[in-house]
Amino acid sequence: MAGLMGALLVLCLVAVATVPAFGKDYTVGDSQGWTSGVDYSTWASGKGFKVGDTLTFTYTGLHSLDEVSKSDYDSCSNSNALQTHTGGNTKISLTAPGSRYFICGTPGHCDNGMKLAVTVAKAGSASPPTGSSPTTPTPSGGSSTSPPSTPNSPSPPGPAGGKSAAGFSGFRGGDAVVLGGLIGLGLVVMG
């Protein structure tokens, strides 16, 4: 019986360890989406992007989404884009801590402010400080915060306080079925 209880404990620990971290799904620009005329620096300020979160960009055929380096973000150049998306509904998973940079590839749009820089913190860590970010000039001549550059990094935000309609974007239905089955098996064995 002790061996059976030990095996059940190990099985439960493995099940818990395989459940992904809960993350937020942020819709970039909220209801306006990825379009001209939105202040994305203001939109991102105060949001604590973390590993496991997802940025959803919704846009029309007039726009595109390019992930670029810090220098290409600063110069609004997409000639060396790390990734290019044109589908109108792009989900970007924030899989590592650091900074990520996004611009619209349509000529003139980035220069007019259609760009987003986010800093992604490790899952479970405190949000990156928003007041200590360097500033970047905006098209209106003011300044906006942009996160510090960190090599090899990714992340963005959305409606309803950043939660997806399901509440948690990182917990999939299949995970619940597996976890429920393991718990049921444990109850049968103990029972």
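These numbers come from a predicted model, not from an experiment. The figures here come from the full heavy-atom set of this structure, side chains too, leaving out hydrogens, waters and symmetry mates.
Contact of the Ile92 side chain with the His85 side chain is registered, since non-hydrogen atoms from C-beta on lie closer than 4.5 Å. For the pair Val118/Lys47, no side-chain contact is recorded, criterion being any heavy-atom separation below 4.5 Å from C-beta on. With contacts defined as side-chain heavy-atom distances shorter than 4.5 Å, the pair Val68/Asn80 does not qualify. Taking the side chain as every heavy atom from C-beta outward, Tyr101 and Asp72 never approach each other to under 4.5 Å.
One finds the CG atom of Asn78 at 5.0 Å from the CD1 atom of Ile103 (value rounded to the nearest 0.5 Å). Here NZ of Lys50 is found 13.5 Å from OG1 of Thr119. Values are rounded to the nearest 0.5 Å. Distance check, rounded to the nearest 0.5 Å: NZ of Lys115 to CG of Leu65 gives 14.0 Å. Rounded to the nearest 0.5 angstrom, Thr27 OG1 and Gln32 CD are separated by 12.5 Å.
Judged by distance alone, with hydrogens and angles left aside, the side-chain atoms of Asp53 form a donor-acceptor pair with the main-chain N or O of Lys24 at under 3.5 Å.
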Candidate pair Met114 and Trp34, rule side chain to side chain contact (heavy atoms under 4.5 Å, CB included), full reasoning: CA-CA 8 Å; Met114 199 169 166; Trp34 183 241; 3.4 Å; yes
Stepwise side chain to side chain contact (heavy atoms under 4.5 Å, CB included) test for Leu116 and Phe57: CA-CA 11 Å; Leu116 172 68; Phe57 291 82; 4.0 Å; yes
CA sep, side-chain torsions, deciding dist, call: Ser77, Ser79, side chain to side chain donor-acceptor pair (under 3.5 Å): CA-CA 6 Å; Ser77 171; Ser79 60; 3.1 Å; yes
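The two residues His109 and Cys104 come nearest to each other via the heavy atoms ND1-SG, 3.5 Å.
Cys pair Cys110/Cys76: SG-SG separation is below 2.5 Å.
There is a side-chain donor-acceptor pair under 3.5 Å between Asp66 and Thr84. Looking only at atom types and distance, the side chain of Ser71 has a donor-acceptor partner in the side chain of Ser69 under 3.5 Å away.
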